[in-house]
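Numbering of residues begins at 1 and proceeds along the displayed sequence.
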Amino acid sequence: MKIYNFEDDPLAAVPNIDEQYMQEALKLAKRALAEDEIPIGAIVVANGKIIGKGYNLTEKLNDVTAHAEMQAFTAAANFLGGKYLKDCTLYVTIEPCVMCAGASYWTQISKIVYGAKEPKRGYSTIHDKILHPKTTVISGVLEEQCKELMTSFFKNKR
């Protein structure tokens, strides 16, 4: 007979993988903040490996499409050598806008994990059916940390 000790559960010590990857996206958001860009960071993960990274570069590149997600999608597609990100996950600190959600549709990304909602320009405020039908979404991962970066950025701008 085997006796289980649930007090010493080895999995209890393993941090949440979504939180670990969101920490990486937050590092990129902080880099954007340091460059006076809107502090949003994004990574694309495949098979437990980060294959694409990005943060907002709209001011630096003078390009309204240079969002963190777009940078991460491009880097991931280049890494994979193809345009589809079917078995990949996008981690982004703030809910994607309609443009980025539309781009995620075309990449056929499997999963999107984001930190905080974007109540003014997030895709779900306009059209929540814009994502690929096979894409799953998880929201609220490290929400307060992600939200605080945006709040403080815009507070300092006003």
Under 3.5 Å, which donor-acceptor pairs link side chains of residues 98-107 to any protein atom two or more places apart or in another chain?
| unit_1 | atom_1 | unit_2 | atom_2 | d |
| --- | --- | --- | --- | --- |
| S104 | OG | A101 | O | 2.6 |
| T107 | OG1 | S104 | O | 2.8 |
| T107 | OG1 | I109 | N | 3.2 |

Residues which pass salt bridge (charged side-chain N to carboxylate O under 4.0 Å, His left out) with K83, listed by chain and number, not counting sequence neighbours | none
Is the backbone of S124 close enough, under 3.5 Å, to the side chain of E95 for a donor and an acceptor to pair up by distance?
-> yes
Is E118 salt-bridged to R121, cutoff N-O under 4.0 Å?
-> no
T151 (side chain) donor-acceptor with K147 (main chain) under 3.5 angstrom = yes
Would you indicate whether the side-chain heavy atoms of I112 and T135 approach each other to under 4.5 Å?
-> yes
Taking every heavy atom of A116 against every heavy atom of C146, the minimum-distance pair comes out as N-CB, 4.0 Å
List for me each residue that meets salt bridge (charged side-chain N to carboxylate O under 4.0 Å, His left out) alongside E143, sequence neighbours excluded, and say none if there are none.
-> none
Looking at NZ of K53 and NZ of K27, how far apart are the two atoms once the value is rounded to the nearest 0.5 Å?
-> 8.0 Å
May I ask you to decide if Q71's main-chain N or O and T74's side chain share a donor-acceptor pair within less than 3.5 Å?
-> no
With a 4.5 Å heavy-atom cut-off, do N47 and C88 have their side chains touching?
-> no
L90 versus A42, closest heavy-atom pair with distance | CD1-CB, 4.0 Å
Pairs meeting criterion salt bridge (charged side-chain N to carboxylate O under 4.0 Å, His left out) with involvement of residues 31-50, two or more places apart = R31-E35, D36-K157
Given L26 and L149, is the side-chain contact (heavy atoms from CB on, under 4.5 Å) satisfied, shown in steps?
-> CA-CA 9 Å; L26 273 165; L149 270 179; 3.7 Å; yes
Where at least one partner belongs to residues 59-99, residue pairs that pass ring-ring contact (aromatic ring centres under 6.0 Å, His included), sequence neighbours excluded = Y21-Y91
Check whether any side-chain heavy atom of E19 lies under 4.5 Å from a side-chain heavy atom of V141, and answer yes or no.
-> yes
Output, in order, the C-alpha distance, side-chain angles, deciding distance and verdict of side-chain contact (heavy atoms from CB on, under 4.5 Å) for V137 and L131.
-> CA-CA 9 Å; V137 177; L131 301 177; 3.3 Å; yes
Nearest heavy atoms of M70 and T65, plus distance in Å = CG-O, 3.4 Å
In terms of heavy-atom contacts, G41 and A29 come closest through N-CB, 3.5 Å
Which of these, I43, V113, I17, sits in a side-chain contact (heavy atoms from CB on, under 4.5 Å) with T89?
-> V113
Take V45 and I51 through the test side-chain contact (heavy atoms from CB on, under 4.5 Å) and record every step on the way to the result.
-> CA-CA 6 Å; V45 175; I51 62 167; over 6 Å; no
Compare every heavy atom of L142 with every heavy atom of Q23, then report the nearest pair and how far apart it is.
-> NE2-CD1, 3.5 Å
Kindly state each residue pair satisfying salt bridge (charged side-chain N to carboxylate O under 4.0 Å, His left out) with at least one member in residues 54-82, sequence neighbours excluded.
-> none
Under 4.5 Å between any side-chain heavy atoms of Y123 and C97, yes or no?
-> no
Between CD1 on residue I40 and OG1 on residue T58, distance to nearest 0.5 Å | 9.0 Å
Quick one: do I38 and F153 satisfy side-chain contact (heavy atoms from CB on, under 4.5 Å)? Show the steps, please.
-> CA-CA 7 Å; I38 294 175; F153 175 79; 3.6 Å; yes
NZ/K120 to CD1/I126 distance, rounded to the nearest 0.5 angstrom?
-> 13.0 Å
Taking all heavy atoms of G122 and all of T125, pick out the closest pair and write down the distance.
-> O-OG1, 2.7 Å
With a cut-off of 6.0 Å (strictly less than), are more than 12 heavy atoms of other residues, nucleotides or ligands near CG of N78?
-> yes
